[in-house]
Amino acid sequence: MNKSVFLGVLTVAGMAAGVASAATLDDVKSRGTLNCGVSTGLVGFAAPNTSGEWEGFDVDLCRAVAAAVLGDPTAVEFVPTTPKTRFTALSSGEVDMLARNTTWTFSRDNDLKLEFTGINYYDGQGFMVPTELGVSSAKDLDGATVCIQTGTTTELNLADYFRANNISYEPVPIETNAEAQQQYLAGACDVYTTDASGLAATRATFENPDDHVLLPEIISKEPLGPLVRHGDNEWGDIVRWTLNALISAEELGVTSANVGEIGESSNNPEIKRLLGTEGELGAMLGLDPNWAQQAITAGGNYGEIFEKNIGENTPIGLSRGLNAQWTDGGLLYSPPFR
């Protein structure tokens with residue numbers, strides 16, 4: 001291939017990539033609705049309330065993105081997805097993004113051609129058993145039947161852990177968290193294993209939560225986060241920096257209560273850039289100057305979203321732990337807004 005033809009191919013490829021990267025943003029704006037893939041129902045993270053309205057930690061991220069792009073946090077169509085259907089739903093364009101307790105892994109990033117846009121919850125795989133079993137460690141589970149969702153990282157983690165500890169188990173495959181809960185409570189399995197946050201959320205829905213215990217072992221790293229399609233660069237930047245805006249807002253003391261005035265009153269240049277009262281960061285994303293203000297107004301900063309949905313004062317009862325700000329000993333950290 002001669003040089004001019006080669007450069008021509010690169011130009012066409014570059015144009016095609018540019019079209020692909022702009023397509024989702026254009027689609028969402030023309031549609032007037034964000035299609036957000038969520039779980040089929042995990043209380044505290046994503047589940048319909050008694051009025052049929054979706055709410056939860058992941059739901060609030062969807063609403064923040066909708067607010068940043070469309071100026072309306074209610075302009076979201078929530079699409080329930082299972083571990084098996086979630087990636088197809090995203091790849092096919094059925095949803096614009098996924099926000100549903102999905103672990104960032106090498107193969108999902110590269111083999112499935114998906115783009116993780118950050119980590120909104122640092123998690124790890126755990127085990128839940130009935131208290132009456134008298135089990136105090138996962139290493140006491142030799143020969144146990146284990147409910148496990150198919151199509152998840154937990155399958156391989158479970159096999160690796162039991163093999164490394166020279167103990168056996170019998171898997172009971174299930175499709176959804178609701179099915180796992182039903183099978184576990186019916187005694188079809190001795191143990192339910194999934195992300196520790198998911199176990200806490202599931203146990204909180206039980207009639208007698210104290211009849212079940214989360215074992216102390218955390219056997220994996222499960223960085224959970226939102227994702228988009230590969231090649232969706234412009235759209236990926238929007239989802240990534242919306243999450244970063246929520247994280248930075250907490251660190252900078254920007255809340256849903258003061259976001260409307262602190263951009264003007266603050267002397268902190270980063271707050272001003274974040275909230276669009278200084279600089280042109282919104283224009284770089286193809287959004288309005290106040291895009292981050294709208295995202296924060298939708299449900300609060302990261303800390304507000306965490307505390308109201310899954311925090312220690314909710315039935316889920318999760319402490320911040322690794323999900324505390326870096327200034328408080330956690331892993332939460334946003335690149336600077338500059």
Side-chain angles (χ1 to χ4, degrees), residues 39-40 42 45 82-87 100-112 114 116 119 121-206 208-225 310 316-319 321-323 330-331:
S39 71
T40 53
L42 184 62
F45 286 86
T82 69
K84 278 190 172 182
T85 65
R86 55 185 164 175
F87 301 129
R100 45 102 56 234
N101 55 311
T102 298
T103 303
W104 189 348
T105 69
F106 181 96
S107 57
R108 289 172 176 176
D109 205 330
N110 295 281
D111 190 35
L112 295 184
L114 301 174
F116 283 81
I119 299 169
Y121 193 92
Y122 291 90
D123 210 345
Q125 184 174 336
F127 300 90
M128 178 168 62
V129 298
T131 307
E132 64 181 14
L133 283 186
V135 173
S136 59
S137 169
K139 295 178 181 178
D140 300 330
L141 296 176
D142 191 23
T145 53
V146 183
C147 280
I148 185 166
Q149 291 187 58
T150 56
T152 64
T153 56
T154 56
E155 289 184 290
L156 287 176
N157 294 337
L158 181 67
D160 287 349
Y161 181 80
F162 274 67
R163 180 181 176 185
N165 287 281
N166 198 30
I167 53 180
S168 64
Y169 69 98
E170 180 182 343
V172 178
I174 44 88
E175 291 287 333
T176 66
N177 188 68
E179 182 185 353
Q181 178 176 324
Q182 181 182 30
Q183 295 279 46
Y184 171 77
L185 290 176
C189 53
D190 303 312
V191 188
Y192 179 29
T193 184
T194 189
D195 299 337
S197 64
L199 294 176
T202 300
R203 185 175 65 170
T205 67
F206 291 172
N208 299 300
D210 291 340
D211 290 347
H212 307 270
V213 62
L214 302 187
L215 298 180
E217 287 85 359
I218 298 296
I219 67 170
S220 68
K221 293 181 294 184
E222 306 293 332
L224 311 180
I310 58 177
I316 314 301
L318 294 173
S319 64
L322 296 178
N323 296 291
L331 298 179

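Here the structure is a predicted model, which is why all the values come from computation and not from measurement.
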(request) Could you pull out the closest heavy-atom pair between T102 and F116, with the gap in Å? (result) O-CE2, 3.8 Å
(request) Please name the pair of heavy atoms, one in C189 and one in T145, separated by the smallest distance, quoted to 0.1 Å. (result) CA-OG1, 3.2 Å
(message) If I take atom CG from residue N101 and atom CZ from residue R86, how far apart are they, to the nearest 0.5 angstrom?
(response) 7.0 Å
(request) Return the minimal non-hydrogen interatomic distance between T105 and T153, and the atom names on each side. (result) CG2-CG2, 3.8 Å
(message) Looking at every heavy atom in both Q183 and I174, which two are closest together, and how far apart are they?
(response) CG-CG2, 3.9 Å
(message) Any non-hydrogen side-chain atom of W104 less than 4.5 Å from a side-chain atom of I119?
(response) yes
(message) Show, in sequence, the C-alpha distance, side-chain angles and deciding distance for Y192 and Q181, and conclude whether the side-chain contact (heavy atoms from CB on, under 4.5 Å) test is met.
(response) CA-CA 8 Å; Y192 179 29; Q181 178 176 324; 6.0 Å; no
(message) If I take atom CD from residue E179 and atom OG1 from residue T82, how far apart are they, to the nearest 0.5 angstrom?
(response) 10.5 Å
(message) I'd like to check F45 versus S197 (side-chain heavy atoms, cut-off strictly below 4.5 Å). Are they in contact?
(response) yes
(message) Measuring only between side-chain heavy atoms, which start at C-beta, is T40 closer than 4.5 Å to E175?
(response) no
(request) Without swapping roles, check the side chain of S220 against the backbone of E222 for a donor-acceptor pair under 3.5 Å. (result) no
(message) Strictly by salt bridge (Lys or Arg N to Asp or Glu O under 4.0 Å), give each pair with a member in residues 143-158 just once, sequence neighbours left out.
(response) none
(request) Could you check if a side-chain atom of L185 sits within less than 4.5 angstrom of a side-chain atom of H212, using non-hydrogen atoms only? (result) yes
(request) List the atom of L42, the atom of G198, and the distance in Å for their closest heavy-atom pair. (result) CD1-O, 4.0 Å
(request) Would you give the length of the straight line joining atom CG of N208 to atom CZ of R203, rounded to the nearest 0.5 angstrom? (result) 12.0 Å
(message) So D190 and L141, do their side chains get closer than 4.5 Å, heavy atoms only?
(response) no
(message) Minimum heavy-atom separation for A180 and C147, please, with both atom names.
(response) O-SG, 4.5 Å
(message) Rounded at 0.5 Å granularity, tell me how far CZ in F127 sits from CD in E217.
(response) 7.5 Å
(message) Once rounded to the nearest 0.5 Å, what's the spacing between atom CG of N177 and atom OH of Y184?
(response) 12.5 Å
(request) Would you confirm whether T103, through its side chain, and L224, through its main-chain N or O, come within 3.5 Å as a donor-acceptor pair? (result) no
(message) Looking at T194 and T154, would you say the former's side chain and the latter's main chain have a donor-acceptor pair under 3.5 Å?
(response) no
Under 3.5 Å, which donor-acceptor pairs link side chains of residues 158-172 to any protein atom two or more places apart or in another chain?
from	atom 1	to	atom 2	distance (Å)
N165	ND2	Y161	O	2.9
S168	OG	D142	OD1	3.0

(message) So, taking the atom named CG in L156 and the one named CD in Q125, what distance separates them when rounded to the nearest 0.5 Å?
(response) 10.0 Å
